[in-house]
Novice: 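Please read through the structure below; I'll follow up with questions.
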Amino acid sequence: MKKIFLLIGFFGFQLNLYSQNIASARNQGEGAIVTISGVVTNGDELGGPIRYIEDATAGLAIYDPVVMSNVNRGDSITVTGVLVDYNGLLEIQPVNELINHGSGYAINPQIIIPNQIGENTESELVSIENVEFENAGQFFSVGTHNFESGSQSGIIYIKAGSSLENKLIPSCPVRITAISSQYSFTGFDGYQLLIRDENDFEYDGEICLSSGVTQNNISTSSFDVNWSTNISSYSNILYGLTPELELGEINDPDNQLSLEHTISLDNLDAGTIYYVQAFSNTENENAYSALYAFATQSTSSGEIRLCFNNPVDTSVATIENAQFSGVYTNDTIKAYIDKAMHTLDVAIYNHSDALITSAINDAYDRGVRVRYITCASTTTTALGSLNDNIPVLQRPQTTGIMHNKFIVIDANITDSSWVLSGSTNWTSAQIFEDPNHIIMVQDQSVARTYELEFNEMWGSDGNEPDAANAKFGNDKLNNTPHQFIVNGNQFELYFSPSDNTTLNISKALKTADEEINFALLVFTNNQLGNTIAESFQNDIQINGIIEQINTQGSEYEYLLDLGVNVISHQGFGDQFHHKYCIVDHSNTDSDPLVITGSHNWSGVAETNNDENTMIIHDVNIVNQFYQEFHQRINELENQVEPSYNCVGESCVDPLDGSGTYSSLVACEYICSSTSIYESRTQDIQIFPNPNNGRFTLQIVSSEYGNIEYAVVDIQGKTILKDYATITKGLNKIEIKNNLKSGLYFIEFANDYFKFVVQ
């Protein structure tokens, strides 16, 4: 018998008087109105109002947000409705009539093998024995997860909101019970199993990992690997510089049975990624973890720099003034691209800025290996000006986008490896108008990790992309390090959608002891909304800014109704494009941190898009973000919307709302000759640029004379003023000054020439 249908005999007989069996209903096909009876095999565990029903002949899905919302697993029901095809899944939608006969019924799942997951088992409750997961020992994320049983393979799908989300993936063979389903735009293939909750995994008593594998005590030459098991066992590690784990095996020197396991890896190279697989064993069996990538601490400077393209409030600075780059934001990006001497990897969602394009072309011309990834769903007009010899790969148009905005520079050079990330796309509006930021990190371990992520999307680690092997979105694996020590501080890094980014953002939020300040373009992620709500109810002070408050599923009204101080930026000035959150900025005893990157707090960022997220435990960087946040929220709370007129070559705030430009940055970009005409004269150059405060001002003159020049900082303060006598031809003026790191200008003959001190 295929399965057992547990109904009271007389009651089942009564149902059959006016309903047909499910197998015959399925055979009627789309558009038919059918009446069926059966036992419901799921409640709201799968998220939303979909229910699956089964009798002794077959199963069928039912979808109706109103009628089915109160139907639970184990209910016996009779339904009448229309058969439709939803991405390959045959279901009743809508329900015309529902009769609920009561609860407490059950379906015994039929035992199948993976190859039997298909049309013949669609919507039925099934079990598969001896299942081993591909990413065992990691954590379930929303999306698909591969498994094997015997020599056959299959897929389970975890829906958003599932109780399994962020739970440990079994690291030993298990029996799984699930609902066989289908999701396919073509109507073919796309068969997958839907796990309802943790009770759908049955362990047979074998040794199994009971925790994920973690990395601790990171140094330049060592780190510890920790995990736990369900029974006492021995501790072992396989490791290597590649996933082949070619460096061999390390065993616990004490050879002790234990539930808690630690192995130390020593004599490692600094700034290097190692692959690790933990395993525990008894005399009879082994339990292996997933493959992990861990990084040692680098010997790089660990310097982190920030620049914001809108003004900041330095009155709340505690360590260092945040940098307002304004109209020179693209110059900042160019200055770092100009640093590249060996390799330059660019992953940018949208790009139209000519200055940055020129810098990329210049890098290629000086022999730098340049690789470029973008997204086919955007215009990326810069591709028309990019050197034809630079290889470019575009993520194909699908349900997600390649939304990163990062650069990796010289990843294999300890002292010159840089990563640029942040919220800024390289378009005019994003660079000069929409509130955005750029973050620069000088750390080889971080750079190599970004390079590893780039290679996964690129499809190779070579100069040319391998489109057939390129992985985007849900095809990517959780295969990069996540924990680092940068400038002596903890630093975390996650890539979406493979790395459970939302879980790690939520964990960071839950460390708050006093205050959370978030600044977001969009906020639709329910898990993070709930975390913010719980924090608020636990007396954490919450302040937030959201741009897109009317997006479907926005958390804005929900948080507002709770009493959270969340403010709409919609309709106020330019589009607020940040994606950052500050935790406990003023409490140094509470591990202040900032969350930043390209990852919007949305479902698509978590499940489909290619994104990157940094969590930085550095009080100086946290405070610089707070300077930006304090300026933005004061503008909103006081409703002081910037508005400027261009008068001559100056930007004037008319104070009456009649200004032509919505921000000072936008006005200066259009109006000020000192911002857009810096390249009109080719007779003056600064070498080197960037520099350490010692540089040469090179002037080619057609006449003799005396000149006045000045060094001015980004706030307009004159740092140095001097005179020099020049002759016809080439002149070199040596300038030596103890300047702090930042963006400066040489003022000469009513022109400004930018340079960076590092």
Side-chain angles (χ1 to χ4, degrees), residues 139 141-143 160 165-166 306 347-350 373 375 377-378 395 399-408 419-425 430 434-439 441 446 449-450 453-454 456-457 472-474 476 478 480-482 484 491-510 516-532 544-548 551 553-555 575-583 593-616 621 625 629:
F139 294 90
S141 59
V142 174
E165 192 176 349
N166 307 319
L306 286 169
I348 183 69
Y349 174 60
N350 201 358
I373 296 176
C375 193
S377 62
T378 60
R395 172 174 172 163
T399 54
I401 56 176
M402 203 298 298
H403 193 241
N404 285 303
K405 314 99 172 44
F406 71 74
I407 304 173
V408 189
V419 169
L420 271 72
S421 186
S423 63
T424 310
N425 291 305
Q430 288 273 285
D434 302 337
N436 270 309
H437 67 276
I438 299 170
I439 185 167
V441 182
V446 173
T449 300
Y450 268 93
E453 173 73 4
F454 187 97
E456 186 176 28
M457 295 187 291
F472 295 98
N474 289 321
K476 294 191 304 185
N478 186 352
T480 58
H482 302 308
F484 307 86
F491 185 107
E492 302 172 54
L493 178 58
Y494 304 97
F495 297 102
S496 306
S498 57
D499 296 1
N500 290 323
T501 302
T502 293
L503 169 65
N504 290 289
I505 293 175
S506 181
K507 286 180 177 178
L509 295 176
K510 290 177 180 179
I516 295 173
N517 300 297
F518 61 83
L520 305 168
L521 171 70
V522 60
F523 190 173
T524 59
N525 187 290
N526 290 339
Q527 182 179 349
L528 296 178
N530 290 336
T531 301
I532 292 290
I545 301 171
I546 302 175
E547 172 72 29
Q548 297 179 5
T551 303
S554 174
E555 299 293 310
Q575 177 177 256
F576 190 84
H577 196 252
H578 287 296
K579 310 99 172 42
Y580 70 79
C581 181
I582 306 162
V583 174
L593 61 86
V594 64
I595 305 161
T596 182
S598 68
H599 185 109
N600 288 308
W601 288 15
S602 67
V604 70
E606 171 68 15
T607 61
N608 295 103
N609 292 353
D610 300 297
E611 312 273 8
N612 69 99
T613 297
M614 299 176 178
I615 302 179
I616 304 169
I621 301 304
F625 270 99
F629 182 82

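Predicted model only: the values in this text are computed from it and were never measured. Atoms considered below: every heavy atom in the structure, side chains included; atoms not considered: hydrogens, waters and symmetry mates.
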Novice: Just by distance, with hydrogens left out, do Asn504 and Tyr494 show a side-chain donor and acceptor under 3.5 Å apart?
Specialist: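 On atom types as modelled, these side chains qualify, holding a pair under 3.5 Å.
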Novice: So, using side chain to side chain contact (heavy atoms under 4.5 Å, CB included) as the criterion, who are the partners of Asn474 when residues are at least two apart?
Specialist: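 Side chain to side chain contact (heavy atoms under 4.5 Å, CB included) check on Asn474 returns Pro497, Asn608.
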Novice: Between Glu606 and Glu611, is any pair of side-chain heavy atoms under 4.5 Å apart?
Specialist: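 Counting from C-beta outward, Glu606 and Glu611 never come under 4.5 Å.
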Novice: I'd like to know if the side chain of Asp434 and the backbone of Gln575 have a donor-acceptor N/O pair within less than 3.5 Å.
Specialist: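 Yes, because the side chain of Asp434 sits within donor-acceptor range (under 3.5 Å) of the backbone of Gln575.
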Novice: CZ/Phe629 to CD1/Ile582 distance, rounded to the nearest 0.5 angstrom?
Specialist: 6.5 Å
Novice: Residues two or more places apart in sequence or in another chain: which of them pass salt bridge (charged side-chain N to carboxylate O under 4.0 Å, His left out) with Asp499?
Specialist: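 Once residues adjacent in sequence are excluded, Asp499 has no partner under the salt bridge (charged side-chain N to carboxylate O under 4.0 Å, His left out) criterion.
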Novice: Is the side chain of Ser506 donor-acceptor paired with the backbone N or O of Thr502 at a distance under 3.5 Å, no angle test?
Specialist: no
Novice: Would you say the ring centers of Phe406 and Tyr450 fall short of 6.0 Å from each other?
Specialist: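 Yes: the rings meet the under 6.0 Å criterion.
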Novice: Kindly compute the distance separating NZ (Lys510) from OG1 (Thr531), expressed to the nearest 0.5 Å.
Specialist: 5.0 Å
Novice: Between the side chain of Asn404 and the main-chain N/O of Ile348, is any donor-acceptor distance below 3.5 Å?
Specialist: no
Novice: Applying side chain to side chain donor-acceptor pair (under 3.5 Å), run through Thr524 and Ser554 and close with a yes or a no.
Specialist: CA-CA 4 Å; Thr524 59; Ser554 174; over 6 Å; no
Novice: Compare all side-chain heavy atoms of Phe472 with those of Ile373 and state whether any distance is below 4.5 angstrom.
Specialist: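 The answer is yes, as the side chains (C-beta and beyond) meet within the 4.5 Å cut-off.
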Novice: Under the criterion side chain to side chain donor-acceptor pair (under 3.5 Å), which of Asn436, Thr613, Asn600 is the partner of Lys579?
Specialist: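 With Lys579 as partner, Asn436, Thr613, Asn600 yield a single side chain to side chain donor-acceptor pair (under 3.5 Å), made by Asn600.
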Novice: Quick one: OG1 on Thr449 to CZ on Phe454, what's the gap to the nearest 0.5 Å?
Specialist: 15.0 Å
Novice: Is there a donor-acceptor contact under 3.5 Å from the side chain of Asn609 to the main chain of Ile401?
Specialist: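 Pair found, side chain donor or acceptor close to backbone of Ile401.
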Novice: Ignoring hydrogens and geometry, is there a side-chain-to-backbone donor-acceptor pair from His599 to Ser496 under 3.5 Å?
Specialist: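 No, the answer is negative, given that no donor and acceptor are paired below the 3.5 Å cut-off.
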Novice: Got a sec, which residues hit salt bridge (charged side-chain N to carboxylate O under 4.0 Å, His left out) with Glu547, two or more places apart in sequence or on another chain?
Specialist: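 Checked Glu547 against salt bridge (charged side-chain N to carboxylate O under 4.0 Å, His left out); zero matches.
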Novice: To the nearest 0.5 Å, what is the distance between CD on Glu555 and OG on Ser602?
Specialist: 11.5 Å
Novice: Out of curiosity, Ser498 OG to Glu456 CD, how far, rounded to the nearest 0.5 Å?
Specialist: 6.0 Å
Novice: Could you pull out the closest heavy-atom pair between His578 and Ser423, with the gap in Å?
Specialist: ND1-OG, 3.9 Å
Novice: Between His437 and Thr596, is a side chain to side chain donor-acceptor pair (under 3.5 Å) present by the stated rule, with each step listed?
Specialist: CA-CA 9 Å; His437 67 276; Thr596 182; 2.6 Å; yes
Novice: For the atom pair CG (Leu420) and CD1 (Ile438), what is the distance rounded to the nearest 0.5 Å?
Specialist: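 So the CG of Leu420 and the CD1 of Ile438 are separated by 6.5 Å.
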Novice: Is there side-chain contact between Ile505 and Leu528, with at least one heavy-atom pair below 4.5 Å?
Specialist: yes
